[in-house]
K.L.:
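Quick one: structure below, then a few questions.
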Amino acid sequence: MEKVSTVNQFVQKAGYQPLEGRCIIVKYAPKNLSEQIPAFFKKDFYVLQMCEREIVLLPFNRAWHYLRKDVSLVLPYGDIQSVELEDVKFNTLITIRTSSDTIRLTTQQAALSDLRSSGIYATMYAGSFTNWHKENLDGTLKALTELGIETAKRQL
């Protein structure tokens, strides 16, 4: 429910340099089928913003659905070993591996995002009817995948 310019302002105030058109709405992905049911009802959404040197996650407030002015995760590009994408039903699973952790996020695919939470968060109170999640999704997913490819090349 935020303008992409508001997202950029929050990221800049936190000390990072956001990349234009590289932010999408994500949730943490459940680990297994047992976690999928409660996760479906949980409304913990984040903005994944790619910056010059890192990925940052900005959380939305659960009750009021506005973007909180804090960064909940900072992942430097140098720490990323691989990035994998997998389409699962109406979402895309993003698996980011580092030397010490695996981070699994899910994002709603562009085709239906106007009718789903990602579209609502990206357009409501944004000053226009532009769904920036939908507009940024393909480019952001491609850029994330390229991070994993870059890392693989460096390791050879």
Side-chain angles (χ1 to χ4, degrees), residues 1-30 39-40 42-62 64-98 101-152:
M1 294 200 253
E2 296 289 342
K3 295 180 189 179
V4 74
S5 61
T6 304
V7 172
N8 288 342
Q9 290 170 2
F10 285 2
V11 171
Q12 288 172 342
K13 284 181 183 177
Y16 305 100
Q17 295 302 314
L19 298 176
E20 185 75 27
R22 293 295 174 259
C23 63
I24 57 175
I25 308 290
V26 299
K27 286 177 69 170
Y28 281 99
F40 178 79
K42 226 175 171 185
K43 301 297 180 197
D44 292 337
F45 287 92
Y46 300 82
V47 171
L48 179 149
Q49 172 68 62
M50 294 182 72
C51 298
E52 284 184 7
R53 295 183 186 94
E54 59 277 303
I55 294 170
V56 297
L57 288 185
L58 302 163
F60 280 95
N61 178 293
R62 267 202 229 161
W64 302 105
H65 307 293
Y66 61 83
L67 197 60
R68 292 190 350 221
K69 295 179 183 177
D70 61 343
V71 174
S72 62
L73 175 70
V74 177
L75 187 58
Y77 293 151
D79 291 353
I80 296 172
Q81 291 184 338
S82 68
V83 178
E84 299 167 16
L85 303 178
E86 178 186 358
D87 288 339
V88 180
K89 298 180 185 172
F90 301 118
N91 296 333
T92 299
L93 179 65
I94 305 166
T95 303
I96 303 171
R97 288 183 181 27
T98 68
D101 203 3
T102 298
I103 301 157
R104 292 170 31 97
L105 303 168
T106 184
T107 189
Q108 296 173 352
Q109 295 170 355
L112 296 175
S113 74
D114 288 331
L115 305 172
R116 298 183 69 205
S117 300
S118 59
I120 293 167
Y121 276 92
T123 58
M124 195 181 290
Y125 306 117
S128 71
F129 292 105
T130 302
N131 180 343
W132 51 260
H133 168 82
K134 183 178 182 177
E135 290 179 357
N136 295 343
L137 187 63
D138 289 341
T140 302
L141 293 178
K142 182 178 185 228
L144 286 170
T145 303
E146 289 171 356
L147 284 177
I149 293 169
E150 293 283 324
T151 302

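Because the structure is predicted, anything quoted here is derived from the model rather than measured. Because only heavy atoms are used, hydrogens play no part in the values below, and waters and symmetry mates are left out as well, while side chains stay in.
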K.L.:
List for me each residue that meets side-chain contact (heavy atoms from CB on, under 4.5 Å) alongside E135, sequence neighbours excluded, and say none if there are none.
P.N.:
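Here the qualifying residues are T130.
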K.L.:
Before giving the answer on side-chain contact (heavy atoms from CB on, under 4.5 Å), spell out for I24 and H133 the whole-Å C-alpha distance, their side-chain angles and the decisive distance to 0.1 Å.
P.N.:
CA-CA 5 Å; I24 57 175; H133 168 82; 3.6 Å; yes
K.L.:
Just so I know, are the side chains of V7 and W132 near enough to count as touching, which here means a heavy-atom distance under 4.5 Å?
P.N.:
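In contact.
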K.L.:
Let me confirm one number: the CD1-NZ distance from I94 to K27, rounded to the nearest 0.5 Å.
P.N.:
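NZ of K27 is found 13.5 Å from CD1 of I94.
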K.L.:
Where the side chain of D79 meets the backbone of L75, is there a donor-acceptor pair that is under 3.5 Å apart?
P.N.:
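No, because the side chain of D79 does not come within donor-acceptor range (under 3.5 Å) of the backbone of L75.
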K.L.:
Can you name the residues that form a side-chain contact (heavy atoms from CB on, under 4.5 Å) with T102, not counting sequence neighbours?
P.N.:
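For T102 the side-chain contact (heavy atoms from CB on, under 4.5 Å) partners, ignoring immediate neighbours, are T95, R97, R104.
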K.L.:
The criterion is side-chain hydrogen bond (donor to acceptor under 3.5 Å, both in side chains); which residues satisfy it with D87, sequence neighbours excluded?
P.N.:
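In terms of side-chain hydrogen bond (donor to acceptor under 3.5 Å, both in side chains), with neighbours along the sequence ignored, D87 is linked to T92, Q109.
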K.L.:
To the closest 0.5 Å, what do you measure between CD (Q49) and CZ (R22)?
P.N.:
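Between atom CD of Q49 and atom CZ of R22 there are 10.0 Å.
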K.L.:
Without swapping roles, check the side chain of T107 against the backbone of V26 for a donor-acceptor pair under 3.5 Å.
P.N.:
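Checking the backbone N and O of V26 against the side chain of T107, no donor-acceptor pair under 3.5 Å is found.
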K.L.:
Can you name the side-chain contact (heavy atoms from CB on, under 4.5 Å) partners of L73, sequence neighbours left out?
P.N.:
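Expected list: Y28, L57, I103.
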K.L.:
State the CG-OG1 distance between N91 and T106, to the nearest 0.5 angstrom.
P.N.:
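Answer rounded to 0.5 Å: 3.5 Å.
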K.L.:
Just by distance, do the side chain of Y77 and the backbone of C51 share a donor-acceptor pair under 3.5 Å?
P.N.:
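Yes, because the side chain of Y77 sits within donor-acceptor range (under 3.5 Å) of the backbone of C51.
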